[in-house]
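Right, one structure below, let's go through it.
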Amino acid sequence: MKRFTTLAAVLMTLVMVLSLAACGEETTPTDTTDTDTQSQSETTDPQQTTDSVDLAALRDQMIADYELTDTLPVETAALENAYGITADLVKSSASFNAASGAAFPQEIVMVEAVDENAAADVAAKLENRLASIAEQAASYDPESLDLAEKCKVITDGVYVGMFFSSHYDEMAADFQAAV
């Protein structure tokens, strides 16, 4: 019993330290993913500079520009659980959720698919997510329902973006300008 109490105390301390670290003033995530590294290395190749968009930089810029707080990055591996997007469809991604004060958090998903067929599959899964939000919000959150109906999934070649956010118009324009 004493070991259990000690273990519980250590775990609670660890959770508290991690939660305090997450509340820091730094706006760019310190977590580096394989997709972020891959995206950055792709842009340094002179032949690919015009072909690839640094989605991680775009994500960080959106977080800063729209002063979003309480953001949580959604890594490529987590896209399958959240949206049904499997890693084999994704060349790179930069996604996040942000608290918005509404019933649903803001969800920003930007994906560079492996090809246009994969992009169509990703777009369909993101359309399903928007429909799911609208269906859930219909009975109790008219603001989120209106937003889910307004937001559209944007596809441009192999790039796909979903911006469930009160900044939808601006974010969609930023995404389209980048790709």
Item to check | Tyr140 (side chain) donor-acceptor with Ala103 (main chain) under 3.5 angstrom | outcome: no

Checklist entry - Where do Glu112 and Leu55 come nearest, in terms of heavy atoms and distance? => result N-CD1, 3.6 Å

Checklist entry - Do any pairs count as a salt bridge (charged side-chain N to carboxylate O under 4.0 Å, His left out) and have a residue in residues 154-163, sequence neighbours left out, and if so which ones? => result none

Next on the checklist: For Asp115, give me all partners under salt bridge (charged side-chain N to carboxylate O under 4.0 Å, His left out), at least two apart in sequence or on another chain.
Outcome noted: none

Checklist entry - Val158 versus Lys91: any side-chain heavy-atom pair under 4.5 Å? => result no

Item to check | Closest contact, heavy atoms only, Cys151 versus Ser165 | outcome: SG-N, 4.1 Å

Next on the checklist: Grouping I, L, V, M, F, W and Y whenever their side-chain heavy atoms are under 4.5 Å apart, do Val153 and Val114 come out in a common cluster?
Outcome noted: no

Next on the checklist: Please determine whether the number of non-hydrogen atoms from other residues, nucleotides or ligands lying under 6.0 Å from atom CD of Glu143 exceeds 12.
Outcome noted: no

Checklist outcome for this item: residues 59-109 vs ring-ring contact (aromatic ring centres under 6.0 Å, His included), sequence neighbours excluded, gives Tyr66-His167

Checklist entry - Would you find more than 12 non-hydrogen atoms of other residues, nucleotides or ligands less than 6.0 Å from Glu135 atom CD? => result no

Checklist outcome for this item: To the nearest 0.5 Å, atom CE of Met110 lies from atom CE of Met171 at 8.0 Å

Next on the checklist: Please tell me whether Leu126 and Leu145 are part of a single hydrophobic cluster in this structure, the criterion being side-chain heavy atoms less than 4.5 Å apart.
Outcome noted: no

Checklist entry - How would you list, by chain and number, every residue that makes a side-chain hydrogen bond (donor to acceptor under 3.5 Å, both in side chains) with Asp88, sequence neighbours excluded? => result Thr86

Item to check | From CA spacing to verdict: side chain to side chain contact (heavy atoms under 4.5 Å, CB included), Val160, Ile154 | outcome: CA-CA 6 Å; Val160 182; Ile154 300 166; over 6 Å; no

Item to check | Residue pairs fulfilling side chain to side chain donor-acceptor pair (under 3.5 Å) with at least one residue in residues 146-155, sequence neighbours excluded | outcome: Lys150-Asp169

Checklist outcome for this item: Rounded to the nearest 0.5 angstrom, the CG-OG distance for Leu79 and Ser95 is 5.0 Å

Item to check | Non-neighbouring partners of Glu116 that pass side-chain hydrogen bond (donor to acceptor under 3.5 Å, both in side chains), sequence neighbours left out | outcome: none

